[in-house]
Amino acid sequence: MVVTAVQHNPQPYKFLSGAFTSCSMRVTYATAMTMLVSFMIGLATATAPAPLPGAQLQHRDQREAFRARQQGRILPLRDIEGRVLPTMRGSQYLGFDFDTDRGIYTLKFLRDGTVIWVEVDGSSGQIIGRTGN
């Protein structure tokens with residue numbers, strides 16, 4: 001039987017020690033933890049922006065319009081659009097507003113760089129006003 005002596009290397013993974021040590025050093029850990037804690041505190045103390053009054057009013061207007069439509073006091077938007085859009089050939093339809101107090105739809109159009117507003121009675125569907133060309 002042949003016995004050979006194996007020399008013991010006290011640092012067999014010396015090439016890894018720099019990377020491992022730098023990742024596990026207290027200073028690096030403290031810096032990362034400081035950043036994490038600062039970030040978490042920032043998230044915890046950040047406040048959401050308050051809703052704009054206009055957004056709350058728009059939401060209220062939508063609810064009012066929905067109730068009025070369900071009660072049959074106003075026509076559906078699709079009926080209003082079906083009556084007005086054919087009269088506005090050559091214009092781009094931008095959308096509408098609804099005035100719950102007056103029950104009037106205002107449809108907005110764009111033609112040749114000019115904005116055109118068409119006011120429509122929500123209960124009858126009749127055009128009651130128009131601005132622009």
Side-chain angles (χ1 to χ4, degrees):
M1 166 186 235
V2 177
V3 177
T4 58
V6 178
Q7 183 178 1
H8 177 67
N9 185 352
Q11 295 181 342
Y13 301 106
K14 185 175 184 178
F15 63 94
L16 290 177
S17 66
F20 179 75
T21 306
S22 67
C23 289
S24 62
M25 289 177 63
R26 179 175 289 233
V27 173
T28 303
Y29 179 77
T31 303
M33 285 304 293
T34 301
M35 290 172 43
L36 179 62
V37 169
S38 297
F39 177 74
M40 297 303 285
I41 289 172
L43 282 178
T45 58
T47 58
L52 299 174
Q56 291 173 344
L57 291 176
Q58 183 179 10
H59 188 64
R60 182 185 64 85
D61 286 349
Q62 289 173 348
R63 284 194 312 261
E64 291 293 324
F66 179 75
R67 276 193 217 114
R69 171 65 196 109
Q70 293 293 7
Q71 295 169 357
R73 291 184 288 144
I74 61 170
L75 295 171
L77 174 64
R78 297 293 174 222
D79 290 356
I80 300 292
E81 290 173 337
R83 294 176 186 201
V84 176
L85 292 178
T87 67
M88 298 299 295
R89 287 193 172 86
S91 299
Q92 178 184 359
Y93 180 48
L94 301 176
F96 75 99
D97 286 328
F98 181 72
D99 183 343
T100 57
D101 296 331
R102 300 180 345 175
I104 294 177
Y105 288 98
T106 302
L107 282 67
K108 298 176 188 179
F109 297 89
L110 182 65
R111 180 188 298 152
D112 299 327
T114 303
V115 177
I116 303 166
W117 291 275
V118 178
E119 290 188 340
V120 181
D121 183 347
S123 60
S124 68
Q126 297 296 314
I127 295 175
I128 57 175
R130 179 177 167 156
T131 60
N133 295 334

**Student:** Would a hydrophobic clustering, with Ile, Leu, Val, Met, Phe, Trp and Tyr connected at side-chain separations under 4.5 Å, put I128 with L85?
**Tutor:**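 No; L85 is not reachable from I128 via cluster members.
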**Student:** Could you tell me the separation between the NZ atom of K108 and the CD atom of Q92, rounded to the nearest 0.5 Å?
**Tutor:**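 Answer rounded to 0.5 Å: 13.5 Å.
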**Student:** Would you say I104 ends up clustered with V120 if hydrophobic residues are merged whenever their side chains have heavy atoms under 4.5 Å apart, either directly or through other cluster members?
**Tutor:**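 As far as the 4.5 Å side-chain criterion goes, I104 and V120 are not connected within one cluster.
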**Student:** Just how far is it from atom OG1 of T131 to atom CZ of F109, taken to the nearest 0.5 Å?
**Tutor:**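 Rounded to the nearest 0.5 Å, the OG1-CZ separation comes to 11.0 Å.
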**Student:** Please find the pair of heavy atoms, one from R102 and one from E119, that lie closest to each other, and give the distance.
**Tutor:**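 Scanning both residues completely, I find the closest heavy atoms to be NH2-OE2, 3.5 Å.
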**Student:** So, D99 side chain and D101 main chain: donor-acceptor pair closer than 3.5 Å or not?
**Tutor:**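 Yes, D99 side chain to D101 backbone: donor-acceptor pair under 3.5 Å.
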**Student:** Can you find a pair of side-chain heavy atoms, one from V118 and one from I127, that are under 4.5 Å apart?
**Tutor:**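 In contact.
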**Student:** Quick one: pull up OG in S91 and CD1 in I116 and give me the separation to the nearest 0.5 Å.
**Tutor:**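 It is 4.5 Å, given to the nearest 0.5 Å.
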**Student:** By salt bridge (Lys or Arg N to Asp or Glu O under 4.0 Å), which residues pair with R69, not counting sequence neighbours?
**Tutor:**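 For R69 there are no salt bridge (Lys or Arg N to Asp or Glu O under 4.0 Å) partners, ignoring immediate neighbours.
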**Student:** Are any of the side-chain heavy atoms of F96 and L77 separated by less than 4.5 Å?
**Tutor:**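 Answer yes - side chains close enough.
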**Student:** Could you tell me whether the side chains of Y93 and E81 share a donor-acceptor contact shorter than 3.5 Å?
**Tutor:**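 E81 and Y93 do have a side-chain donor-acceptor pair below 3.5 Å.
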**Student:** Is there side-chain contact between Y105 and I74, with at least one heavy-atom pair below 4.5 Å?
**Tutor:**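 Yes, close enough: below the 4.5 Å cut-off.
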**Student:** Output the distance between atom CD1 (I80) and atom CD (Q126), rounded to the nearest 0.5 Å.
**Tutor:**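 Answer rounded to 0.5 Å: 9.0 Å.
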**Student:** Would you please name every residue forming a side chain to side chain donor-acceptor pair (under 3.5 Å) with S124, sequence neighbours left out?
**Tutor:**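 So S124 forms a side chain to side chain donor-acceptor pair (under 3.5 Å) with D121.
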**Student:** Backbone N or O of P86 within a donor-acceptor pair of the R89 side chain at under 3.5 Å?
**Tutor:**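 At least one qualifying donor-acceptor pair exists.
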